Amino acid sequence: MYFSKMLIPTLRDVPADAEAVSHKLMLRAGYVRQLAAGLYIYLPLALRVMNKINSILRQEMNFINAQEITMPVLHPAEIWQKTGRWYEIKDEMFRLKDRTDRDMCLGMTHEEIMTWLAAREIRSYRDLPQSWYQIQTKLRDEARPKSGILRTREFTMKDSYSFDADEAGLDVSYANHAEAYHRIFNRCGLRFYQVESDPGMMGGATAHEFMAPSSAGEDEIVICNSCGYVANIEVASSIHTKTEDLDCSYQEVHTPGKKSIKDVSAFLGLAPTNLLKSLLVMCSDTPMLVLLRGDQELHEKKLLKLVGKFRPASNDEIINTLGVEAGFIGPMSHDIKIISDPSLKSGMFVAGANKSDYHVKGIKADTHFKAEWHDIHVAKAGDGCPKCGKILSSEAVIEIGNIFKLGTKYSKPLNAVYLDSNGKENPIIMGSYGIGPARIAAAAIEQNNDKDGIIWPKNIAPFDIQISPLNLSDQATRDTLDAMYKELSPKGFEILVDDRDERPGVKFKDADLIGIPIHIILGEKSLKEGLVEIKTRKTRESAKINVNDAVNAAIKAHSEAF
RNA sequence: CGGGGCGUAGCGCAGUCUGGCUAGCGCACCUGCCUUGGGAGCAGGGGGCCGGAGGUUCGAAUCCUCUCGCCCCGACCA
């Protein structure tokens with residue numbers, strides 16, 4: 001392929017809109033252009049990358065006997081109404097009516113439609129198990145598209161769905177997918193973790209996410225380097241580290257105007273871990289006191305699971321219920337329900353005195369307050385690992401894939417059932433498994449770049465080798481180019497030839513930007529000495545090789561490349 | 001949806017506060033000369049309803065009102 005014939009609009013300046021490294025580089029290197037918020041055009045180079053990724057996806061999905069099919073993006077409302085998601089999902093779903101005024105929506109995922117198919121086509125346990133997948137466009141009216149290709153309103157997704165007769169079957173399908181995902185992300189050259197995650201609205205009990213570390217990621221995980229515990233902070237638990245002991249008698253202290261943990265700890269010269277944080281929440285109009293250690297944040301989802309829907313109390317409600325303003329609340333002598341994080345169970349703390357401008361030192365659990373004990377804090381770096389107790393670290397990550405055990409959440413409402421060997425009807429047990437190919441590409445760039453541009457892992461690079469003849473009017477250069485091209489192409493190497501009439505510097509800069517793993521440079525002077533240069537993008541190592549050995553050296557360099 | 005920022009040539013920006021020459025600069029683009037191993041140089045050239053609508057004014061990129069769009073933080077994320 002000739003550079004001069006291809007649309008590769010590289011840019012010297014970064015468009016001001018771009019923030020994430022992958023976004024900047026994809027724009028600068030001529031991979032994508034933005035149409036509107038969260039809508040991107042994939043130019044030829046990007047499409048080549050996507051095709052490489054998708055072909056890896058197909059190989060690995062087929063390897064676990066999943067079958068590719070494709071489904072409409074336009075869906076009738078009734079199916080979504082049957083599972084209830086038509087009503088549960090709000091603005092995120094694109095909805096429209098057809099000419100007969102029938103409600104329709106654009107597919108944001110395909111559990112409903114896949115289950116509809118299964119309901120029609122699967123009759124017997126003999127038909128099971130099945131795994132079906134597609135690589136298809138999804139549409140979600142995202143509240144906030146961001147970071148270029150990372151969070152868009154229209155994107156392709158590899159989504160697969162497993163159908164089994166029982167839980168044991170689902171376990172096998174789930175494990176097969178997890179293994180396939182490991183192979184896929186490894187082949188794509190990503191660093192990633194498989195983490196425990198929140199099943200959320202997908203239903204079901206077990207879910208894992210595949211996370212690629214990157215500062216551009218929107219999610220955060222905690223990691224234990226000792227025992228291997230890894231979890232999304234959405235679900236992560238952690239044990240508290242030991243508090244610097246406070247040893248004093250129960251006493252009031254004057255803390256005028258000091259309402260926040262930060263102010264109080266600074267004023268008293270104590271660590272936030274010595275303080276007790278009291279929050280009043282309203283749980284269907286019943287007030288409830290929630291206690292955390294001063295350094296902790298309330299994990300709303302954990303509390304939600306315990307008490308159901310709740311909201312923070314208003315200032316008026318706080319005063320009416322507790323007789324004190326926020327900032328000086330203490331857990332002592334209230335006759336409302338108290339839920340406390342276990343970090344407060346032992347030790348001595350400072351809390352509000354239940355009167356303005358005063359705090360109390362020497363608070364002890366069970367002595368000064370009684371509570372129900374539950375893990376309700378957000379795990380963070382520095383906390384103890386819930387499994388082994390060692391210190392946790394945390395990392396920002398991009399979610400590149402997820403796997404869910406759905407159970408019968410969709411098969412029951414859509415009546416996807418089979419007859420077992422006893423002739424008894426049972427709901428099909430399902431799983432669903434997603435991967436975002438665009439996120440793989442973006443994560444690969446996030447993890448592999450330098451100041452000059454992209455460094456593609458070779459398995460997903462748009463081309464295998466770039467050849468840059470520096471002076472095309474030189475006959476020896478043209479002959480060498482032709483010979484190398486003719487020898488490499490039939491061996492399956494995809495080659496980009498920079499045949500543009502540009503100065504060498506321009507070609508070098510663009511080659512670095514675009515990020516093809518191997519770069520062969522044909523210089524007139526070197527050729528006179530019978531040499532060509534072979535350069536590896538990632539290591540920047542370059543070697544002058546005898547023309548006659550160049551093809552083999554290039555093949556070797558490519559096989560050794562990242 | 002709440003908070004903040006920004007819309008001037010393909011890209012990056014100045015000009016806006018304090019209204020007034022023909023709306024400017026760099027890069028990119030076109031022509032010619034020259035140059036050819038890390039985004040060369042010289043000369044000439046093309047490209048703008050200053051996001052849109054309304055208003056104030058003798059006069060608006062600039063002031064006022066409304067509106068649309070994009071980015072960032074947060075909420076949300078099936």
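In the text below, chain A, chain B and the rest are named by the order of the sequence lines, each starting its count at 1. Being a predicted model, the structure only gives us computed values, none of them experimental.
Between A:R12 atom CZ and B:G10 atom P there is a gap of 18 Å when expressed in whole angstrom units. Rounded to whole Å, the distance from CD on A:E19 to P on B:C72 is 6 Å.
Take the nearest nucleotide of RNA chain B for A:D91 and for A:S147: the residue whose nucleotide is more 5' is A:D91. In terms of position on RNA chain B, the residue among A:D219 and A:K509 whose nearest nucleotide sits closer to the 5' end is A:K509.
Ion pair A:E111/A:K409 not flagged as a salt bridge, since none of the NZ, NE, NH1 or NH2 atoms sits closer than 4.0 Å to an Asp/Glu carboxylate oxygen. Salt bridge status for A:R153 with A:D141: present, with a side-chain N to carboxylate O gap under 4.0 Å. At a threshold of 4.0 Å, the pair A:K525-A:E529 does not count as salt-bridged, since none of the basic side-chain nitrogens sits closer than that to a carboxylate oxygen.
Ranking B:C70, B:C11, B:G39 by closeness to the A:T10 side chain, first place goes to B:G39.
In this entry B:G26 has B:C11 as its Watson-Crick or G-U wobble partner, both defining distances falling under 3.5 Å. Nucleotide B:G2 forms a Watson-Crick or G-U wobble pair with B:C73, both donor-acceptor distances falling under 3.5 Å.
Atom NZ of A:K412 is surrounded by 12 or fewer heavy atoms from other residues, nucleotides or ligands within 6.0 Å. Around the CZ atom of A:R120, the shell of radius 6.0 Å holds no more than 12 heavy atoms that belong to other residues, nucleotides or ligands.
Within 4.0 Å of A:A37, counting heavy atoms only, lie sugar-phosphate atoms of the nucleic acid but no base atom. At the heavy-atom level, A:R144 lies under 4.0 Å from base atoms of the strands shown.
At a cut-off of 3.5 angstrom, the base of B:G39 holds at least one donor-acceptor pair with the side chain of A:R28.
Atom name C1', nucleotides B:G20 and B:C1: the rounded distance is 43 Å, in whole Å.
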Strictly under 3.5 Å: I want the nitrogen or oxygen pairs between protein and nucleotides 33-37 of chain B, one per line.
from  : atom 1 : to     : atom 2 : distance (Å)
B:U35 : O2     : A:R503 : NH1    : 2.7
B:G37 : O6     : A:S526 : OG     : 3.2
B:G37 : N1     : A:E533 : OE1    : 2.8
B:G37 : N2     : A:E533 : OE1    : 2.3
B:G37 : N2     : A:E533 : OE2    : 3.2

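Within the 4.5 Å cutoff, side-chain heavy atoms of A:L106 are placed close to those of A:L96.
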